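Have a look at the structure below, then the notes.
All values derive from a computational prediction rather than experimental measurement.
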Amino acid sequence: MSVMTYLGAIGAAQREAMEADERVIIMGEDVEANVYGTTGGGKSRSSEGDFLQMFGKKRIRNTPISEEGIVGAAAGAAMTGLRPIVDLSYSSFLYMAMDQFVNQVAKNRYMFGGQASMPVVFRSAMFYGLNTGAHHSDRPYPMFMNVPGLKIIAPASPSDAKGLLRAAIDSDDPVLTFEAVLLWGLKEEVDDNEYRIPLGKARTVREGTDVTIVAISGSVPEAILAAQDLEDEGVSVEIIDPRTLVPLDTRAILESTAKTGRLVIAEPAHRTCGAAAEISALVAEEIFDALRAPIVRVTAPDMQIPFSPSLEKQMYPTRATIGDAVRRVLDSAPQRLAAEISR
Amino acid sequence: MSVMTYLGAIGAAQREAMEADERVIIMGEDVEANVYGTTGGGKSRSSEGDFLQMFGKKRIRNTPISEEGIVGAAAGAAMTGLRPIVDLSYSSFLYMAMDQFVNQVAKNRYMFGGQASMPVVFRSAMFYGLNTGAHHSDRPYPMFMNVPGLKIIAPASPSDAKGLLRAAIDSDDPVLTFEAVLLWGLKEEVDDNEYRIPLGKARTVREGTDVTIVAISGSVPEAILAAQDLEDEGVSVEIIDPRTLVPLDTRAILESTAKTGRLVIAEPAHRTCGAAAEISALVAEEIFDALRAPIVRVTAPDMQIPFSPSLEKQMYPTRATIGDAVRRVLDSAPQRLAAEISR
Amino acid sequence: MNATLPIETLLEMQRRMLRIRRFDERASKMVKRGQIPGTVHTSIGQEAQVVGSCMALGEQDYMSGNHRSHGHPIGKGAPLGPLMAELVGKATGVCKGKGGSLHLADFAVGSLGESGIVGSSIPIATGAALSAEVLGNGRVSLAFFGDGAANQGSLYESMNMAGVWKLPVIFLCENNQYALSTPAHTVTSGVIAERAAGFGMEGVRVEDGQSVLAVYDAVSTAVSRAREGGGPTLVEVITYRYNEHSEGLRLGTDYRDAAERSTWLDRDPIVLFRDHLVSRGVSADTLDALEAEVLAEVDLAVAFTNDSPYPEPSAAFEDLYTDVEVAA
Amino acid sequence: MNATLPIETLLEMQRRMLRIRRFDERASKMVKRGQIPGTVHTSIGQEAQVVGSCMALGEQDYMSGNHRSHGHPIGKGAPLGPLMAELVGKATGVCKGKGGSLHLADFAVGSLGESGIVGSSIPIATGAALSAEVLGNGRVSLAFFGDGAANQGSLYESMNMAGVWKLPVIFLCENNQYALSTPAHTVTSGVIAERAAGFGMEGVRVEDGQSVLAVYDAVSTAVSRAREGGGPTLVEVITYRYNEHSEGLRLGTDYRDAAERSTWLDRDPIVLFRDHLVSRGVSADTLDALEAEVLAEVDLAVAFTNDSPYPEPSAAFEDLYTDVEVAA
Ligand SMILES: Cc1ncc(C[n+]2csc(CCOP(=O)(O)OP(=O)(O)O)c2C)c(N)n1
Ligand SMILES: Cc1ncc(C[n+]2csc(CCOP(=O)(O)OP(=O)(O)O)c2C)c(N)n1
Ligand SMILES: [Mg+2]
Ligand SMILES: [Mg+2]
């Protein structure tokens, strides 16, 4: 075990995978210079542990700024014997390659009746909450959840980042990772040995009995803080971090919610058709009668992201807004009549 | 009034708008030759009523196959005095221009503090259910619902197609239309005069008291058939067609559901993070206690679309699957205990 | 270069051109009779361009294609039965009935997939060349696309990547002079082949795209360059489709005139090459037998198709992921 | 051509170059002091390329830009106060604090928006040219983008459209020889300006991009061509950025060497042009006064910014749609 940052854990998973399998290559803009800190020895960008020196130019490859071309090329390479990891830097740049993601990466195996396999990982970071304005702040994972054929992970801790990324690289299906920049600095003890966290298994971040919070990506630390506040108020909160968004561990979510009877879902994506909507719908379908209160979503509003610090800070779920949502579901009278409610 | 097909109604709305406002232009692949039947006198493709002859090459413009370029150019033109209608033919081609949709069309007005306005309409047709395979069959409107700044319509009848498209062209904000090819042949009496159907107003397709079906696009005719079947069984079904997906007429959905206490949502999109998920989540949040049964979604599964007729026909909501969903919500015991349900 | 080709190779060229012609003629009929769901896009008239390209590749080499899709795997040597079964949606189809005409792929002959999305499969072929380069397996890759697709940005991103990394890939533009109803010159600025130079690569325009040998020569040169580490080539081939854009499509507005079409019919690639073969001493009997052989192959493919079952409905829920089940 | 320019115009060029330099120097400091949130990308070193381009445009002409964003609106004549206020996120910012450095736009001077997404705003400028052509208003449009952006497909789709429709647009590539840490030649195949030919349009490479007049001449020629219906031009200008890709960014790995940088520092565009002005008879006093004037403008812009309020939180919920309210 050693203390690693989230970013360091990603670098470690990449290094291990590169060492273990020659077919693994890393391609992306500025990966040679280790600009984002995941292709060198941690975030240090020193030449010690530098991937370019360790693995050479064939396997560590700066690409032109051509997202559509890069994503398609990685897909073609994956179909013919490589296992590329594509660093797309910011999640906001994924749209440039949307056709390749949807029409090639996600569909080829299926359309070709299983002839193709597509072992490729697309990494990107959601740069929200850092006053970069609307172009860089997107959290577009819900769009990709609507595309069958992709697997999607969104680790919220260094250990998960390392174990899930390793499992993603092992996967014979395409995996998209969404990493929140707000998590980059998180530190914890991480196993120095190789390990995988299986895709599709949620993590119970903390156990509780009164209410379940399902929290995603950068909302996990906020949910933890909210749960601590609520504990002081005598409320016992269970937090589930799905970690993998596709395939989703619905069982873990349903079991926890069935136990507590109350569900709050927190995520940084826009509200409409977000992951929270999906989880809410799943729960309302599957264990409706176990619910003792309305399900509440705490999300970004259906608004683009403003630049000014005085504006942006209100856009994402926080300790306070998550806490308030929990207080609301606890207050709600469980059995009011329909007539009372409808306006 | 005269009898019009869905496609004819779209052609009529386009012709009226072109005649009313010189700033309206139509651009897209093969619009000059009226390949899809909306830039001529109905579906006839005769030279009578041919748009190219009526409006000339400056305003009816064949484009290269360059979706990203076209969408961006239309956006730039809309910001500087034109009101383009862009014919993108199939909805599956929108991904090519995803960056332009998300990062330019949807964001510019906001990012620039209201300096831009973006009066542009992007039309496309969802070619599902016609054995064209995975590349042509997409119904990607849920992705776009996750993008604040876009308006989205999905008319399900000729009258709605004409009135909504006209309102879309009038809008100073960008509007995407999703037209199901399965609806192209629908015929009904349509007002020959100019009229608009305001964006954001649902249509009550039929009134009923036992259960609400919210049906979208090509699922509307199926829901109507299912409701007729159910009527024979003594079940009174109310059908709401939102028509506009953004902004969504949540009031109409909530009122109907509060009245009936039961909700089934039918749509042809993939299940995860679809419009049905959003509507389910909204209802579970807002009028949870008015619900007398779990909300049920009838959608396409999270699977790409296979080509073979023996495979594709099971992929979308039908009269039968919608009917079954209604029967299920009517059967469901309203107050089972949590313990019974959780596994 | 082609002077050195053995007669068997020349006959194989004619065989594959005939296969494409007869296969597509049959498919066209089957669409009109409702035996093939949806539509198909034939390569009738473009056989020389397809076969000249494919024959310049080795068996291990890769290829990606587009909506005008049957010719490519046939040209690369795929057996006809599973292709025809795929068009009809049978379980024995090369993609188990999941792909259909637009999405043929036969990995056994290096066919990595046709594509219904114009321009979308060009980066795929580029990626196959990338893996060939990294793995050092000596393979070459070729992307087929139309004149219409030549205005998609994906092509130029791919050309630049291939150029800078010297990838063994050939960008093969099938310039049949129209994209659906749109004449190429009305939507294309400049000359497609000349776009190569700005991307630091060779570009060549084969004016006589109805000559299978002319195409073969141009693509062979490109393949040699690619295999020797000389990087990519853009090859533009001028050709013509005889049929409508897709079978059954009827456009009200004429966009091609009859005279133009008949000029091209007069230069039929299969007739031209038959004449050439005769001039090279191949007997009419041999050539007639070849024609009969191919017709029989197509009949057999149709019989195979007719004898095959449709896939079980549950098959729709297979082959998306390698290890995740999706509920119906 | 520039021989005929009045001295006032030349002085205005120097004024705008100085504005960019001083504005960006100040912005850089403010980032380091935490007074500007996030980061900024300066145009320091590239002033000649920016101003030479902008001054060749008329006031009514359009322009779109990229992440290296301040120079473009300043070059086009936008007042500094609202730009600086925007960088800080104040309510008086040119975008009401919603855009920030990456998304400056000042429609009053034809600035249709900078862009944080590389390559994304090129089609926007092309569309502005389309509207100019349809409306017949005689305007011209110019898209600024970097050498890195020159590998995005959006550029070639735009060039082709502009070429075939003869749109009045200039594609202005600011080739500062690096995209972030990546040397242009390692990811670019061929020569950017030479890519124009294949798209049927003029391409020109301004080797001396540190000379404001050289840039002005090249762009003026392109503007005249555009205005006369001669269609688009691709102009590639060779230049250099003095600072790091963005302020505050520290890369561990050296990707530019000190010698290279100092060669470029020796050809500073503002110093060069000052010398030129002196040679044209402008007195040192006049030039000193100009420098002082600009410094005062920047001070004023900062004071304006400091005196301005931050936007109310509710402002985040305005300006998305023209007629739909969105809940918080
Ligand atoms: C991205 C995309 N845009 C548009 C279409 C519709 N479409 C299908 S084929 C075609 C014309 C293609 O022309 P070309 O590339 O020249 O190929 P050809 O059909 O002539 O062989 C068009 C516009 C599509 N399938 N995909
Ligand atoms: C689509 C996209 N990909 C990647 C980035 C990240 N990025 C921002 S600036 C930049 C380099 C741009 O280089 P260039 O176009 O030469 O402009 P310069 O910074 O040199 O002025 C990169 C890679 C981005 N913003 N958008
Ligand atoms: Mg063509
Ligand atoms: Mg640069």
Q.
How about CD on D/Glu312, more than 12 heavy atoms from neighbouring residues, nucleotides or ligands closer than 6.0 Å, or not?
A.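 Not more than 12 within 6.0 Å, no.
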
Q. Would the number of heavy atoms belonging to other residues, nucleotides or ligands and lying under 6.0 Å from CD of B/Glu22 be above 12?
A. no

Given that the side chain runs from C-beta out, which part of [X] has a heavy atom under 4.5 Å from chain D: side chain, backbone, both or neither?
| X | result |
| --- | --- |
| B/Glu68 | both |
| B/Met118 | neither |
| B/Pro148 | both |

With a 4.5 angstrom heavy-atom cut-off, could you sort out which part of [X] is near chain B: side chain, backbone, both or neither?
| X | result |
| --- | --- |
| D/Tyr62 | side chain |
| D/Glu114 | backbone |
| D/Ser121 | both |
| D/Leu320 | both |
| D/Val134 | both |

Please examine the side chains of [Y] and [X], heavy atoms only from C-beta on, and report whether any two atoms are closer than 4.5 Å.
| X | Y | result |
| --- | --- | --- |
| D/Glu157 | B/Glu67 | no |
| B/Arg61 | D/Trp165 | yes |
| B/Arg109 | D/Thr322 | yes |
| B/Lys151 | D/Asp323 | yes |
| D/Ile124 | B/Asn108 | yes |

Q. Which value, rounded to the nearest 0.5 Å, describes the distance between D/Tyr321 atom OH and B/Leu150 atom CG?
A.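 CG of B/Leu150 is found 6.0 Å from OH of D/Tyr321.
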
Q: May I ask you to name which of B/Ser117, B/Ser66, B/Ala97 has the most heavy-atom pairs under 4.5 Å with chain D?
A: B/Ser66

Just so I understand: if I count every heavy-atom pair under 4.5 Å between each of [options] and chain B, which residue has the most?
| options | answer |
| --- | --- |
| D/Met161, D/Glu318, D/Glu86 | D/Met161 |
| D/Ile117, D/Val324, D/Leu104, D/Leu102 | D/Ile117 |
| D/Ala129, D/Ser158, D/Ser154 | D/Ser154 |

Taking only distance into account, with no hydrogens and no angle test, what donor-acceptor pairs under 3.5 Å do side-chain atoms of residues 70-90 of chain B form with protein atoms, sequence neighbours excluded?
residue: B/Thr80; atom: OG1; partner: B/Gly76; partner atom: O; Å: 2.8
residue: B/Thr80; atom: OG1; partner: B/Ala77; partner atom: O; Å: 3.2
residue: B/Thr80; atom: OG1; partner: D/Ser131; partner atom: OG; Å: 2.6
residue: B/Arg83; atom: NH1; partner: B/Asp172; partner atom: OD1; Å: 3.1
residue: B/Arg83; atom: NH2; partner: B/Ile169; partner atom: O; Å: 3.3
residue: B/Arg83; atom: NH2; partner: B/Asp170; partner atom: O; Å: 2.9
residue: B/Arg83; atom: NH2; partner: B/Ser171; partner atom: O; Å: 3.1
residue: B/Arg83; atom: NH2; partner: B/Asp172; partner atom: OD1; Å: 3.1
residue: B/Asp87; atom: OD1; partner: B/Ser89; partner atom: N; Å: 2.8

(Q) Main chain of D/Cys95, side chain of B/Gln115: is a donor-acceptor contact present, judged purely on distance under 3.5 Å? (A)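 Side chain of B/Gln115 to backbone of D/Cys95: no pair is present.
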
(Q) Applying side-chain contact (heavy atoms from CB on, under 4.5 Å), can you list everything that pairs with D/Cys54, at least two apart in sequence or on another chain? (A)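 So D/Cys54 forms a side-chain contact (heavy atoms from CB on, under 4.5 Å) with D/Val50, D/Met63, D/Lys76, D/Phe144.
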
Q.
Restricting to non-hydrogen atoms, name the atom on B/Tyr110 and the atom on D/Ala316 that form the minimum distance, rounded to 0.1 Å.
A. OH-O, 2.7 Å

Q: Give a yes/no verdict on a cation-pi contact between D/Lys98 and B/Phe112, requiring under 6.0 Å between NZ or CZ and the six-membered ring centre and an angle within 45° of the axis.
A: no

